[in-house]
Every structure is written in structure tokens, then in C-alpha cells.
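One is the number of the first residue; the rest follow in order along the sequence.
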Amino acid sequence: MIKINVKKNNDKLDKITIKGHADYEEYGKDIVCSSVSSIVITSINAIMRFDENAISYKQDEGLIEVDIKKHSREITLLLENMISLLKELEQNYQNNIKFNE
């Protein structure tokens, strides 16, 4: 199961951690893992285009951690969009994704 944790500090996003594997299908064919990865990496890349110092992130097998360093309207919108897309995916694959705020 993919576990997504969102931490806030004073109502501002502080850290997003995504851990695990969906186990929807075998490795290389898992559409849930692929979808989560695509959403998160696309969002990270977009944020970095606005401001490469706005976030730092760590990526490893089955783990992505995003630390939010700066807040702006654009960065917040991109992060909120990412979270919204992940929540929508969770609704469709409740046995494979769990979201915690």
C-alpha cells in the first residue's frame, strides 16, 4: 500500500512523504504506482521550474519526501493540485493508497 502523509505548520504545507508500493499489479505493470509517481514527479518538476529553492526532495525505492522551503501562490497551487490528484486516485484505489493529513 502507498501511504501519503502531509504535514502542515501554521496551516502551510511543510512536508509530504509518499512511501510504499501499491501492489495493484506486478512490478512494471502497476498503474497505481505509475500514476502516483507521474503526479508527484511532474509536480516536483513544475515547482522547481518556478523556484529551484522552494523545495528539497529525496527519492529512493518506494519513497519520495518533499520538504517545502518557500511558499508562494504558484508553489501552493501546484502542491494543492498534486494533493488533490492523489486524493482522487485514492478514491478509485482505496485498497492501494492511504492518505493521512
Chemist: Any side-chain heavy atom of Asn5 within less than 4.5 Å of one from Ile18?
Modeler: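 Sidechains of Ile18 and Asn5: no contact.
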Chemist: Output yes when a side-chain donor or acceptor of Asp30 lies under 3.5 Å from a complementary backbone atom of Asp23, and no otherwise.
Modeler: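 Judged by distance alone, yes, a pair lies under 3.5 Å.
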Chemist: Do Val6 and Phe99 come close enough that some side-chain heavy atom pair is under 4.5 Å?
Modeler: yes
Chemist: When rounded to the nearest 0.5 angstrom, what is the spacing between CG in Leu85 and OG in Ser38?
Modeler: 11.0 Å
Chemist: Where is the tightest heavy-atom contact between Met48 and Ile55, given as atom of each residue plus distance?
Modeler: SD-CG1, 3.6 Å
Chemist: List the steps and the verdict of side-chain contact (heavy atoms from CB on, under 4.5 Å) for Leu86 and Val36.
Modeler: CA-CA 7 Å; Leu86 292 169; Val36 169; 4.1 Å; yes
Chemist: Got Met82 and Val40 here, is their nearest side-chain heavy-atom distance under 4.5 Å?
Modeler: yes
Chemist: Rounded to the nearest 0.5 Å, what's the gap from OG on Ser84 to CG on Leu79? Could you check?
Modeler: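 Atom-to-atom, Ser84:OG and Leu79:CG are 12.5 Å apart.
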Chemist: Is the number of heavy atoms from other residues, nucleotides or ligands within 6.0 Å of CD (Glu74) greater than 12?
Modeler: yes
Chemist: How long is the straight-line distance from CG of Asp14 back to CG of Asp67, given to the nearest 0.5 Å?
Modeler: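 If we round to the nearest 0.5 Å, Asp67:CG and Asp14:CG are 7.0 Å apart.
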Chemist: Search all heavy atoms of Ala22 against all heavy atoms of Ile2 and return the closest pair with its distance.
Modeler: N-CG1, 3.5 Å
Chemist: Nearest heavy-atom pair of His71 and Leu13: which atoms, and what distance?
Modeler: CE1-O, 2.8 Å
Chemist: Closest approach of Lys15 and Thr17, non-hydrogen atoms and distance?
Modeler: CE-OG1, 3.8 Å
Chemist: What distance separates Ile64 CD1 from Ile44 CD1, expressed to the nearest 0.5 Å?
Modeler: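 Result: 5.5 Å between the selected atoms.
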Chemist: Enter the distance from Cys33:SG to Tyr24:OH here, rounded to the nearest 0.5 Å.
Modeler: 12.0 Å
Chemist: Which atom pair, heavy atoms only, marks the closest approach of Tyr93 to Ile31?
Modeler: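 Taking Tyr93 first and Ile31 second, the nearest heavy atoms are OH-CD1, 3.6 Å.
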Chemist: Does the side-chain contact (heavy atoms from CB on, under 4.5 Å) test come out yes or no for Ile83 and Ile4, once each step is laid out?
Modeler: CA-CA 9 Å; Ile83 290 168; Ile4 303 167; over 6 Å; no
Chemist: Can you name the closest pair of heavy atoms from Met1 and Gln94 and give their distance?
Modeler: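 It is CE-O, 4.0 Å.
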Chemist: Applying salt bridge (charged side-chain N to carboxylate O under 4.0 Å, His left out) as the test, list every pair that has at least one member in residues 31-57; sequence neighbours left out.
Modeler: Asp51-Lys70
Chemist: For Leu89 and Ser35, run side-chain contact (heavy atoms from CB on, under 4.5 Å): C-alpha distance rounded to whole Å, both residues' side-chain angles, the deciding distance at 0.1 Å, then the answer.
Modeler: CA-CA 8 Å; Leu89 197 59; Ser35 297; 3.6 Å; yes
Chemist: What I want to find out is whether Lys87 reaches Glu101 closely enough, with some N-O distance under 4.0 Å, to be called a salt bridge.
Modeler: yes
Chemist: Any chain of hydrophobic side-chain contacts (each under 4.5 Å) joining Leu63 to Ile39?
Modeler: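 No, separate clusters.
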Chemist: Donor-acceptor pair, Asn9 side chain versus Lys12 backbone, under 3.5 Å?
Modeler: no
Chemist: Any chain of hydrophobic side-chain contacts (each under 4.5 Å) joining Ile68 to Leu77?
Modeler: no
Chemist: Between atom CG of Leu78 and atom CZ of Arg73, what is the distance when rounded to the nearest 0.5 Å?
Modeler: 10.5 Å
Chemist: Take Tyr57 and Gln59 through the test side-chain contact (heavy atoms from CB on, under 4.5 Å) and record every step on the way to the result.
Modeler: CA-CA 7 Å; Tyr57 71 97; Gln59 183 178 357; 4.3 Å; yes
